[in-house]
Amino acid sequence: MTKAQSIIRIENLTKSFGSNVVLNALSLDILAGESLVIMGGSGSGKSVLLKCILGLLPAEKGSILVEGKQAKDLCGKAYETYLTQFGMLFQGSALFDSLTVWENVVFGLRRIKKISNSEALEVAIQTIAS
């Protein structure tokens, strides 16, 4: 991959919540070695965009290519490998708002190890207690 190629290419990405269109045909290229800041007011779609890139939220339209691979088509081991390329900390160290506290605590573990809910809950209780 040459330095001028896109590491992340987003094309015509659209994401809505009911009648509220948050991302409307967004296109964006992030090149190798490039730093990017996403700024905007509350509710402008910053976290939604990142959640779409990570595969936590499905988009209605558009594509997200990471190193030339269509992110939404990845599953299993390929998706696990994909996720290891990213780290994300929400504003104010917030949790994923769509998950319970214990689900947030074991989020990475559940994605990688594919443990059962009961096993995950046990790990979460031990982690929170310590």
Side-chain angles (χ1 to χ4, degrees):
M1 179 170 290
T2 67
K3 190 169 177 87
Q5 289 181 315
S6 295
I7 294 295
I8 300 175
R9 170 169 278 172
I10 299 168
E11 296 176 328
N12 298 310
L13 192 67
T14 299
K15 176 64 184 168
S16 303
F17 297 96
S19 62
N20 183 22
V21 179
V22 178
L23 303 174
N24 188 10
L26 173 73
S27 293
L28 173 68
D29 280 311
I30 302 172
L31 305 178
E34 182 177 54
S35 294
L36 175 72
V37 175
I38 301 172
M39 295 176 54
S42 179
S44 62
K46 303 175 301 289
S47 293
V48 170
L49 172 60
L50 293 173
K51 287 178 180 181
C52 286
I53 292 170
L54 292 174
L56 299 174
L57 287 176
E60 285 86 42
K61 296 179 187 172
S63 66
I64 300 168
L65 299 166
V66 177
E67 295 183 336
K69 296 178 185 145
Q70 183 65 254
K72 69 180 178 184
D73 295 338
L74 299 174
C75 60
K77 192 70 171 165
Y79 181 66
E80 290 173 21
T81 301
Y82 172 76
L83 285 179
T84 64
Q85 298 176 82
F86 298 95
M88 184 172 179
L89 178 64
F90 289 102
Q91 180 177 335
S93 302
L95 302 175
F96 292 114
D97 56 4
S98 57
L99 302 177
T100 64
V101 172
W102 77 266
E103 289 171 323
N104 271 277
V105 169
V106 294
F107 177 80
L109 181 63
R110 290 179 78 194
R111 292 284 178 147
I112 294 169
K113 299 274 185 181
K114 304 288 189 213
I115 62 176
S116 69
N117 282 346
S118 59
E119 291 172 305
L121 182 56
E122 187 176 320
V123 169
I125 290 169
Q126 290 173 358
T127 302
I128 293 169
S130 58

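In this text, all values refer to a predicted model and were calculated from it rather than measured experimentally. The figures here come from the full heavy-atom set of this structure, side chains too, leaving out hydrogens, waters and symmetry mates.
- Using a 4.5 Å cut-off on side-chain heavy atoms (C-beta onward), Thr14 and Asn12 make no contact.
- Leu28 and Val21 fall into different hydrophobic clusters, where Ile, Leu, Val, Met, Phe, Trp and Tyr are joined by side-chain heavy atoms under 4.5 Å apart, directly or via other members.
- With rounding to the nearest 0.5 angstrom, the CD1 atom of Ile30 is 15.0 Å from the CD atom of Gln5.
- Across every non-hydrogen atom of Leu23 and Gly45, the tightest pair is CD2-O, 3.9 Å.
- Ser63 and Gln70 make their closest contact through CB-NE2, 3.2 Å (heavy atoms, listed as atom of the first residue, atom of the second, distance).
- From Leu13, atom CG reaches atom NZ of Lys61 across 11.5 Å, with rounding to the nearest 0.5 Å.
- Residues Ile53 and Ile10 are in side-chain contact: their nearest non-hydrogen atoms beyond the backbone lie under 4.5 Å apart.
- For Leu121, the side-chain contact (heavy atoms from CB on, under 4.5 Å) partners at least two apart in sequence or on another chain are Trp102, Ile125.
- A distance-only check finds a donor-acceptor pair linking the side chain of Lys46 to the backbone of Gly41 [under 3.5 Å].
- Between Lys15 and Glu60 the shortest heavy-atom distance is CA-OE1, 2.9 Å.
- From Ile64, atom CD1 reaches atom CG of Leu49 across 7.0 Å, with rounding to the nearest 0.5 Å.
- If you chain together hydrophobic residues whose side chains sit under 4.5 Å apart, Leu56 and Leu65 never meet in one group.
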